[in-house]
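Here is how names work: the chains are called A, B, and so on, in the same order as the sequence lines, proteins then strands, and each is numbered from 1.
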There are 2 protein chains.
Amino acid sequence: MDSKRLKNVLANMENTGISQILISDPFSIFYLTGRRIDPGERFVGIYLNKNGTHKMFINKLFTVPEDLGIEKIWYSDREDGMELLGKYTDHSLPLGVDKIFPARFLIPLMEYKAASFYINASSCVDEARALKDGEEQEKMRAVSRMNDKAMEELQKRIRGGMTELELSSELDKIYKELGSEGYSFKTLVGFGANAAKGHHEPDRTKLQEGDCVLIDMGCKKDDYCADMTRTFFYQYAAPQHKKIYEIVKRANEEAEAVIKPGVRFCDIDKTARDIIEKEGYGDCFTHRLGHFIGLEVHEQGDVSAANTAVAKSGMIFSVEPGIYLEGETGVRIEDLVLVTENGCEILNHYSKKMQTIGS
Amino acid sequence: MDSKRLKNVLANMENTGISQILISDPFSIFYLTGRRIDPGERFVGIYLNKNGTHKMFINKLFTVPEDLGIEKIWYSDREDGMELLGKYTDHSLPLGVDKIFPARFLIPLMEYKAASFYINASSCVDEARALKDGEEQEKMRAVSRMNDKAMEELQKRIRGGMTELELSSELDKIYKELGSEGYSFKTLVGFGANAAKGHHEPDRTKLQEGDCVLIDMGCKKDDYCADMTRTFFYQYAAPQHKKIYEIVKRANEEAEAVIKPGVRFCDIDKTARDIIEKEGYGDCFTHRLGHFIGLEVHEQGDVSAANTAVAKSGMIFSVEPGIYLEGETGVRIEDLVLVTENGCEILNHYSKKMQTIGS
C-alpha cells in the first residue's frame, strides 16, 4: 500500500463523513497497491475503515505479494465473497462503494445487510487519483512525449487514396516501434465528413483531396494513458475549413492560457466555447471541453459547463475543442495539460499549426 | 431488435416472474440489436416491459440506426439519465437489472424510487445468450477454426531459448495474418514452472530443455470469441510429466464424451475430476472444468461442482482440465464444445496427442 495515497483517500473519507468504503475498481486497487489484478467475474476488493481495520478481500485464484501492507482475507470459488465481506463491515453505518461496483455484488451485499445504507463514494478515491503525484506526473509526461512522436511519424505516412483503416494500422506499427504497452482507447481516424461523427470508427473510406484528417489517439506506457488529437488537411483546405481550423486552434490555446489553480472548470470550458459561439459555430461544438486522465483514459472529473469545481495543482486533463460540420468536415485539437502552481504545463508538444499534406 | 432473441428474453422474464428489466451490458445490447455501443461512463440501456412498452435510453453522443425496432429516448449530458429512466419504469414493481449494472446508476435509480425493489435479473438475458442460435454456432465454429490454425502455426515457431514474450508476440503476427479482430483475452504462455501459476502473464523466462509450453489463447472473429489450450514439451518430457499429460488428456476426452442434453454440469466436471483424483492429483486441479463463451470469453454459466443445471442443445462452453505441479510444470488441455441433439460437437480440431518439440 502506498501510504501517502492511502492517507489522501482516508482524508477524503473524513471530509465526506464516511467511515467505511469498499474499493473494487482494479485501477484504484492498482493506484493504492501497485498491483494490477483483473478479477473478471470474481471479486477482489479493499475495505477501508477510518479506525484502521483495512482489509483486502481476494479470491484464492489470484496472487498478491506477501508484503502488500494490508491484511488479506482469502476466499475460494466455493464461498460467497459478499457474505464474507458482510462479516467484517459495520452494519450500523453506511458503506461507500465505488462507481463501478456491479449489481451482482451490491444487491447481495444489501441482502446480507452489510451496512445501514450504501452510497457512491467513488470520489474519495477518484479525487485522490485526480491529484497526480510527482511519479505520476513524470509518467504522464513520458507517455505524452511518446504520443507526440507517434503523431509526428504518423503524419508522414498519410497518403491520398489510403483508407482510414490503413492509416490506423500504421499507428499500430508506430506504437509498437516506440515500445507502447498498448492503446488508451480505440484510435479515431476520420477523413472528411467522417470527422464530424461523434464516435466514428476507422473504416474503408479513402482519403481524397480537400479532406480533413482527424486523428484522436493515445498510447499507454508504464500504466498511464496518453490522449491527443490533431487535424490535418489533404492537398488543400477549403476557405471555410481553414477558418474553422483557426477558430478551434484559438479556442484550444486561449482555454489553455486561463488554466491555473483556482479557476473553475466551467470557466475553462466557457473560454473555448465563447470563442466558437461568437464565430457562429456554437451548435457545432457538441461536447464538453475535456476530461481527466491518468491510469484510465477517462477518469472522474471533466471540463464542462456543469463542473463548478476549481483546478488544483497536479490535476491532468484534456483540452479538446472542436467544430463539426455534419456531412462535410470536422476539426478538433486536443492536448493534455498538467495544472502547475502558477498556470499549466502542456504535455503535448506536437505542432498545432495548420498543415496541408501532399500539397 | 432480433425478434427471436427478444422473444426468448421475454419468455425468461415470464418464467422468473419479472415484469420489467433494464439491460445495460453492451454485449447484451449487441446481442439484441446487432449494434455495439461502448458508452464509457455514460448510460445506454434497453428497458423491457412484459406489456411491450420497450424503450432504449441513449445519450445523444451515440448514433444508432433509425430502424432499430425499439422506441428511443434520447438524453443529453445535461440531463440525468437515471431520473429520466425513473419516469418510465413501474414504481410499484421490482426492476431487474443486469449483473454489471454499476453502483453509479443503481444507487441514484433507488433514490428516484424507480421500482419497489431491485434484483439481479441478468440471467433473463444470459440464459438466452447461452443457447446459441444457428448463426452464432457458425461464427463459433469459424473462430475456433481460426484458433486451430493459429495454434498449428504457433507450434512451429517454438524455439529453445526464446522467451514467453517472444512466443506470444509471434501469436500477434499469426492472428493478424489470419484476419482476427483481436484477442478474446490476454494470451497465457507459460514455460516450465510458470505453467503451474494460475494467472501468469508471459514474461522474459526462456524456454529450456524439459520445459512444458502451456499456451492458452483465443482470437475474435465476427464478434465471437475462441479459447483453446494446448501443452507441449520442449526437447523431452520427464516421465512424471508424460504421465500427467496423459491423465489430463484422458480427463478432457472422457468429460467431452459424456456431454449431451440433460447431463448436469457438475457431473461433467466430476467425470474429469474423478480421473485426476483417482490418479492422486486431485489437489493439483485447482479450478472448475469450464466456462460458457460466446460474445464474451466468460459468459454466465460454468462447468463446476456447484452447477447442478443441465446441458442443453446449443450451449457452448470450454472443457479444460489441468494438473499443476507448483514450482515444476503444468498441463492443461482445453477445447470448446457445442452441445448437439445427441451429444456434443468439439469445436477445436488441433491435435491433443502429446508432442515433444525439437527432439
### Enclosure of B:E41 CD (heavy-atom neighbours >12, cutoff 6.0 Å)
yes
### Query
Does any heavy atom of chain B fall under 4.5 Å from the side chain of A:K197, the backbone, both, or neither of them?
neither
### Query
For A:D302, is it the side chain, the backbone, both, or neither that has a heavy atom closer than 4.5 Å to a heavy atom of chain B?
neither
### Stepwise salt bridge (Lys or Arg N to Asp or Glu O under 4.0 Å) test for B:K186 and A:E181
CA-CA 13 Å; B:K186 203 169 158 61; A:E181 284 158 18; over 6 Å; no
### Query
Can you find a heavy atom in the side chain of B:I100 that is under 4.5 Å from one in the side chain of A:R104?
yes
### Query
What is the distance from atom NE2 of A:H287 to atom OG of B:S76, rounded to the nearest 0.5 Å?
14.5 Å
### Query
By a 4.5 Å heavy-atom criterion (distance strictly below it), what part of A:F62 contacts chain B: side chain, backbone, both, or neither?
side chain
#### Entry: B:I37 portion near chain A, given a 4.5 angstrom heavy-atom threshold
neither
### Query
For B:E177, does the CD atom have more than 12 heavy-atom neighbours from other residues, nucleotides or ligands under 6.0 Å away?
yes
### Query
Which bit of B:D172 is near chain A, if near means a heavy-atom gap under 4.5 Å: side chain, backbone, both or neither?
side chain
### Message
Do B:M110 and A:M110 have side chains that approach each other closer than 4.5 Å (heavy atoms only, starting at C-beta)?
### Response
yes
### Best-contacting candidate, A:L106, A:T286, A:V297, A:V97, against chain B by heavy atom pairs under 4.5 angstrom
A:L106
### Query
What part of A:D38 gets closer than 4.5 Å to chain B, counting heavy atoms only: side chain, backbone, both or neither?
neither
#### Entry: Rounded distance [0.5 Å steps], NE2 in B:H298 versus CZ in A:R42
7.5 Å
